[in-house]
Amino acid sequence: MDLDLKGRKALVCGSTQGIGLASAVELARLGAEVTLLARNETAMKKIVASLAAENGQSHNYLSADFSSPSSVEVAVTAAINRGARYDILINNTGGPPGGPLLDANYSQVFDAMEAHLHCNHILVQKLSQGMKEKKFGRIVNVISTSVKIPISGLGVSNTVRGAVASWAKTLSLELAPFGVTVNNVLPGFTETERLFSLIRTKAEKEGKSEEEVARSMRMEAPAGRFGTPEEIASLVAFLATPAAAYINGTSIPVDGGRTGSI
């Protein structure tokens with residue numbers, strides 16, 4: 001199986017923590033040269049210095065705020081103007097606040113669309129030309145199992161994640177003739193700050209302890225536990241490799257069997 005990413009360049013979004021960070025680490029281990037894209041420059045500098053570089057990779061970072069699509073566009077355009085070309089794009093952004101969809105105002109829905117769909121679209125438009133020229137490209141979107149079955153209490157997130165999945169499927173058809181694949185990874189409950197924040201909010205709302213809420217959520221998965229960022233990153237990285245060349249337009253749950261659909 002060809003998992004070799006030596007000579008490939010990856011742009012990994014939201015890569016200072018959680019699944020984004022774990023994905024950057026795994027891609028570097030497979031030989032890719034990784035560019036981080038996030039807000040926290042201090043954290044990115046430390047991470048860049050720690051990534052595997054046995055194959056002579058020169059890892060880098062770009063600073064941008066996903067609440068501002070123009071910030072993302074400026075950062076990536078500047079990198080491309082300096083000669084940067086990326087073979088792999090990992091779209092990954094923290095989810096919007098929880099709550100019923102009917103309680104969400106327009107700005108909450110609009111802001112979530114900006115941070116997820118709009119920023120993803122800008123990045124694909126900027127990077128896909130170089131991928132098409134090389135006849136190789138991997139676009140992996142880290143979304144949510146809510147793409148399969150909406151999750152109660154995450155109204156805005158469910159809405160936006162579904163839009164991103166449909167966007168990705170459409171792109172997979174348009175880019176396939178150029179050797180570029182587009183796939184979605186759907187994490188279930190994963191040990192990230194996002195999950196811990198949801199647990200705290202749910203515990204406060206229901207008058208329960210955080211451990212009670214966490215225990216109940218763990219038992220929703222047949223595996224009886226939360227996933228780890230590294231477990232999600234394993235699939236993200238695999239989909240970026242030559243071995244995954246014929247996997248395209250898919251949405252794959254990584255959730256310990258929790259999602260109740262085929």
Side-chain angles (χ1 to χ4, degrees), residues 3-96 115-116 119-120 122-123 126-127 138-144 185 187 189-200 226-241 254:
L3 304 177
D4 187 3
L5 290 178
K6 289 193 293 291
R8 298 299 183 186
K9 299 181 186 296
L11 181 65
V12 185
C13 303
S15 41
T16 56
Q17 60 182 331
I19 295 168
L21 172 57
S23 297
V25 169
E26 193 61 37
L27 289 166
R29 285 175 178 165
L30 293 178
E33 185 170 288
V34 174
T35 297
L36 311 177
L37 180 59
R39 290 177 300 179
N40 191 331
E41 287 195 57
T42 300
M44 287 192 288
K45 288 178 182 178
K46 292 179 180 178
I47 293 165
V48 162
S50 71
L51 293 175
E54 285 82 0
N55 295 289
Q57 304 104 299
S58 179
H59 305 301
N60 202 351
Y61 71 87
L62 302 174
S63 180
D65 187 341
F66 279 75
S67 67
S68 169
S70 62
S71 167
V72 173
E73 183 170 16
V74 167
V76 175
T77 299
I80 291 173
N81 288 342
R82 293 193 297 268
R85 295 293 182 272
Y86 302 101
D87 309 288
I88 299 162
L89 169 63
I90 311 301
N91 282 316
N92 172 64
T93 309
H116 292 264
C119 285
N120 287 2
I122 287 168
L123 289 167
K126 293 292 181 182
L127 273 56
R138 300 287 185 268
I139 298 167
V140 183
N141 308 297
V142 180
I143 313 181
S144 166
V185 173
F189 293 144
T190 308
E191 293 175 341
T192 63
E193 181 51 40
R194 163 75 167 168
L195 176 64
F196 301 143
S197 174
L198 291 174
I199 289 172
R200 288 192 295 269
F226 296 144
T228 68
E230 291 74 21
E231 288 171 320
I232 313 302
S234 292
L235 177 59
V236 172
F238 171 74
L239 290 171
T241 67
V254 187

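For the numbers below, each heavy atom of this structure counts, side chains included, while hydrogens, waters and symmetry mates do not.
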Handout entry: From CA spacing to verdict: side-chain contact (heavy atoms from CB on, under 4.5 Å), L127, I80
Key = CA-CA 8 Å; L127 273 56; I80 291 173; 4.2 Å; yes
Exercise for the section: May I have the step-by-step check of side-chain contact (heavy atoms from CB on, under 4.5 Å) for V142 and T93, ending in yes or no? Expected result: CA-CA 8 Å; V142 180; T93 309; over 6 Å; no
Handout entry: Step-by-step side-chain contact (heavy atoms from CB on, under 4.5 Å) determination, I88 to L11
Key = CA-CA 6 Å; I88 299 162; L11 181 65; over 6 Å; no
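Legend: side chain to side chain donor-acceptor pair (under 3.5 Å) pairs involving residues 31-43, not counting sequence neighbours, sorted by first then second residue: K9-E33, E41-Y61. Note on residues 71-83: pairs passing salt bridge (Lys or Arg N to Asp or Glu O under 4.0 Å), not counting sequence neighbours, are E73-K126.
In this structure, T190 and T228 have side chains that are not in contact, with every pair of non-hydrogen atoms separated by 4.5 Å or more. Side-chain contact check for L37 versus V12: every heavy-atom pair is 4.5 Å or farther apart. Side chains of P229 and T192 form a contact here, defined as non-hydrogen atoms less than 4.5 Å apart. With contacts defined as side-chain heavy-atom distances shorter than 4.5 Å, the pair V140/V185 qualifies. Looking at I90 and L27, their side chains come closer than 4.5 Å, going by heavy atoms from C-beta outward. With a 4.5 Å cut-off on side-chain heavy atoms, E26 and V236 do not count as touching. Counting only heavy atoms from C-beta outward, the side chains of L5 and D87 never approach each other to under 4.5 Å. Using a 4.5 Å heavy-atom threshold, the side chains of L51 and Q57 count as separate.
Closest of all the heavy-atom pairs between A52 and H59 is O-NE2, 2.7 Å. In terms of heavy-atom proximity, S63 sits nearest to A75 at O-CB, 3.6 Å. Across all their heavy atoms, S15 and L36 have their closest contact at OG-CB, 3.2 Å. Contact record, F226 with E191: CB-CG, 3.7 Å, taken as the closest heavy-atom pair.
Proximity of a side-chain donor or acceptor of N92 to a complementary backbone N or O of C13 within less than 3.5 Å is detected. Looking at N141, its side chain never comes within 3.5 Å of a backbone N or O of I143 through a donor-acceptor pair. Using modelled atom types, no side-chain atom of S71 and backbone atom of S67 make a donor-acceptor pair closer than 3.5 Å. At distances below 3.5 Å, not a single donor-acceptor pair connects side-chain atoms of E54 with backbone N or O atoms of G31. Of the possible polar contacts, one joining the R194 side chain to the P96 backbone as a donor-acceptor pair under 3.5 Å is found.
Separation of atoms CG (N91) and CD1 (I139) is listed at 7.5 Å; rounding is to 0.5 Å. Distance check: I122 CD1 to S70 OG gives 7.5 Å after rounding to the nearest 0.5 Å. We find the CD-CD1 distance between Q17 and I47 to be 9.0 Å, quoted to the nearest 0.5 Å. Atom NZ of residue K45 and atom OG1 of residue T16 lie 14.5 Å apart, to the nearest 0.5 angstrom.
Taking the side-chain contact (heavy atoms from CB on, under 4.5 Å) definition, one finds that C119 meets it with F66, P69, V72, sequence neighbours left out.
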